[in-house]
Amino acid sequence: MRNHRDIKERIIKLFFSATSVTALVILVGIFLFLFITGIQAFGQITPAEFFLGSEWNPNAYEEPKWGILSLIIGTLMITIGALIMAIPVGLASAIYIAEIADSKTKEILKPVIEMIAGIPSVVLGLIGIVFLSPLIANFFGLNHGLNAFTSSAIVGIMVLPTIISISEDVLTSLPNEFREASLALGATKWQMIRMTLFPAALSGIAAAVMLGLGRAVGETMVVLMVAGNALAMPLSFFDPVRPMTANIAIEIKEVVKGSLHYETLFAIGFVLFIMTFIVNFISDIVIEKEMRKYKW
Amino acid sequence: MRYIILISILLLAVLTAGCTGESGSTGNAISAGYSEDIEIKGSDTLLQMVSNMAEAYTVKNKNAKISVTGGGSGTGIAALINGEIDIADASRAIKKKELTQAKDKGIDPWEFIIAQDMLSVIVNKDNPVAELTIEQVSEIYKGQITNWNNAGGEDKEITLYGRQSTSGTYSYFMKKIVEGDYSSKMMNMEGNQAIVDAVRQDKTAIGYVGVGYIVDDNGNQINGIKIIKLSKDMNSDYISPLDKTKRADYPISRPLFQYLSKKPLKDSAVYKFLVFELSEEGQKIVKKSGFIPITAEDREHNNALLKKI
């Protein structure tokens, strides 16, 4: 009898470890697949040509060009633009929800903000094309609104829920002694938030921003629809840009498996993967530490 | 821990085996190709027209299931080479490179011409420019003329709208009209309709689309845009793509193709649909979709192939 139970125990253990390991295997598998396919591109082009070349044009009239610098800059412009727009709004909302709002307002606001994350990105893209881009074109006196600025604005909205809800969690997790101590010393509420809570939560808030950044880098649908996707090196936020994600989405449809074009697209995918992986990895570590810091 | 390592290695092995084995599995899709189902993919220029024909065909042949999707000629031809579809729509001829790639994968494309297109250059309705030579269009798209006042218009910077590299229209226009690389400032739009919409909104725009996209169902010009009259050179007439009497002289007319993945069987659904497209009834739909029926020369080209089936 005892033996029978042992076997059952073992099988269950095996099953659960197998399922939990699957996620890890998928991650490693994707990594290897991207890496192995992407690395083959460097049989025909040099890494310098790939990373430092400013012209991407695989279907050129004469010589194809394989430089991804303008694509990387396109991605960075949209990401940085999105964060510049999202951080002030996100932080202010997080502070309001965590420290100022009464519990009833908080109960309504939090789920509503998290719902933004549930809006399909193609819907936001549609709003960008039909509503926001003509508006921006009119406001700034441009010929059209398909540019880095419009994309940043929409991607900024998409990263808001991440920034707000994690920053809010970090602020809420600060021990009450912090608040009591600063108020007891005669600080006003604003002074308490600015001088005690905010510095204490800073690394956690930074991690929230990093997570938002990871989301912004990988966003595809919106940028595909509103970034304009011209190949030229962007010189201002009002130039059309072609970020890496959009470039892959546009071109993967026409490539024949195993061609150089196919391999370079995977190499771009690998670069993207590494970028988001590092960002997410760092923010995970920081959040983990942050959450433990004040637990007594 | 022992388990975890063991399982990881096992799963990883299965996964990598799956990846490398993938390229060999395309054969299945081809052999399953010729049932009553027809998969058509490719040019956005042909999309509406071929969908119209598929619709008319399935009304009569209730068993036939035809799916028509876009994505661009390059997309269609790549899918044909990868063995995913039966027919590729293309607004350009298949490239030599693609032909070798196809042969390497055991695909033998059969080329039919199903309609003619007058590729049209369009600008915003408020733009005073009405006529351009092919050379001017080329210089505009190369980025050598960047202001409308150098092309007979107002002092405004030109905004270029073009298709994405997956598009046959993109390739055709680059090879035949621009004869050089597009300016890297050109916006890469998702389809013909996206270009029409952008040109409607942007007063400084120039774009190129298939003639089917500048007329409505009744054959009248759609509003919000202006169709540029083109001429071969300074000394020739400027002709509108909608001018029926001077059709033969319009400088950018091109055939619209369909590529079959292999020689079709005589009773197969693909063959029957193709015959329908080339029939008088099919060509009527071509006309109704805003395009131009095939010429006697095209008919000869098609018949030579049909005879071999």
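The analysis underlying the following values was restricted to heavy atoms, covering all of them including side chains, and did not include hydrogens, waters or symmetry mates. First the proteins, then the strands, lettered A, B, ... as listed; each starts at 1.
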Residue pair B:Gln164, A:Lys253: steps toward the side-chain contact (heavy atoms from CB on, under 4.5 Å) verdict:
CA-CA 11 Å; B:Gln164 294 165 350; A:Lys253 297 177 287 184; 4.3 Å; yes

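- The contact between B:Met174 and chain A is made by backbone and side chain atoms together, counting heavy-atom distances below 4.5 Å.
- By number of non-hydrogen pairs under 4.5 angstrom with chain A, the leading residue of B:Ala198, B:Ala78, B:Gly72, B:Ser171 is B:Ala78.
- Heavy-atom neighbours of A:Gln40 CD from other residues, nucleotides or ligands within 6.0 Å: above the threshold of 12.
- Neither the backbone nor the side chain of A:Thr37 comes within contact range of chain B; no heavy atom of the residue lies under 4.5 Å from a heavy atom of that chain.
- Of all non-hydrogen atoms in A:Ala230 and B:Lys185, the two that sit nearest each other are CB-O, 3.7 Å.
- The backbone N or O of A:Tyr61 sits less than 3.5 Å from a side-chain atom of B:Asp181, completing a donor-acceptor pair.
- A 6.0 Å sphere centred on CZ of A:Phe16 holds no more than 12 heavy atoms belonging to other residues, nucleotides or ligands.
- Of the residues considered (A:Gly145, A:Ser259, A:Ala60), A:Ala60 shows the highest number of contacts with chain B, using heavy-atom pairs under 4.5 Å.
- Contacts between B:Tyr161 and chain A at a heavy-atom distance below 4.5 Å involve the side chain alone, from C-beta outward.
- A:Phe140 CZ: more than 12 foreign heavy atoms inside a 6.0 Å radius.
- Atom CD of B:Glu157 is surrounded by 12 or fewer heavy atoms from other residues, nucleotides or ligands within 6.0 Å.
- Of the listed residues A:Val255, A:Ile129, A:Leu146, A:Ile250, the one with more heavy-atom pairs under 4.5 angstrom with chain B than any other is A:Ile250.
- Other residues, nucleotides and ligands contribute at most 12 non-hydrogen atoms within 6.0 Å of the CZ atom of A:Phe131.
- Using a 4.5 Å cut-off between heavy atoms, B:Lys95 contacts chain A through its side chain alone, with no backbone atom that close.
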The test is side-chain contact (heavy atoms from CB on, under 4.5 Å); show your working for A:His144 and B:Thr159 and say whether it passes.
CA-CA 9 Å; A:His144 59 84; B:Thr159 312; 3.4 Å; yes

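- Within the 4.5 Å cutoff, side-chain heavy atoms of B:Asn188 are placed close to those of A:Arg242.
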Step-by-step side-chain contact (heavy atoms from CB on, under 4.5 Å) determination, A:Glu251 to B:Thr166
CA-CA 7 Å; A:Glu251 291 177 6; B:Thr166 48; 5.7 Å; no

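- Salt-bridge formation is not detected for the pair B:Lys175/A:Glu62: no Lys NZ or Arg NE/NH1/NH2 atom is positioned less than 4.0 Å from an Asp or Glu carboxylate oxygen.
- For chain A, the nearby parts of B:Glu179 are the backbone and the side chain; heavy atoms of each come within less than 4.5 Å.
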Pair A:Lys257, B:Asn82 - check side-chain contact (heavy atoms from CB on, under 4.5 Å), show working.
CA-CA 7 Å; A:Lys257 278 179 200 149; B:Asn82 289 333; 4.2 Å; yes

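- The part of B:Thr204 that comes within reach of chain A is its side chain, from C-beta onward, which places non-hydrogen atoms under 4.5 angstrom from that chain.
- Residue A:Asp239: no heavy atom, backbone or side chain, is found under 4.5 Å from chain B.
- Scanning all heavy atoms of the two residues, the minimum distance from B:Gln101 to A:Val256 falls at OE1-CG2, 3.4 Å.
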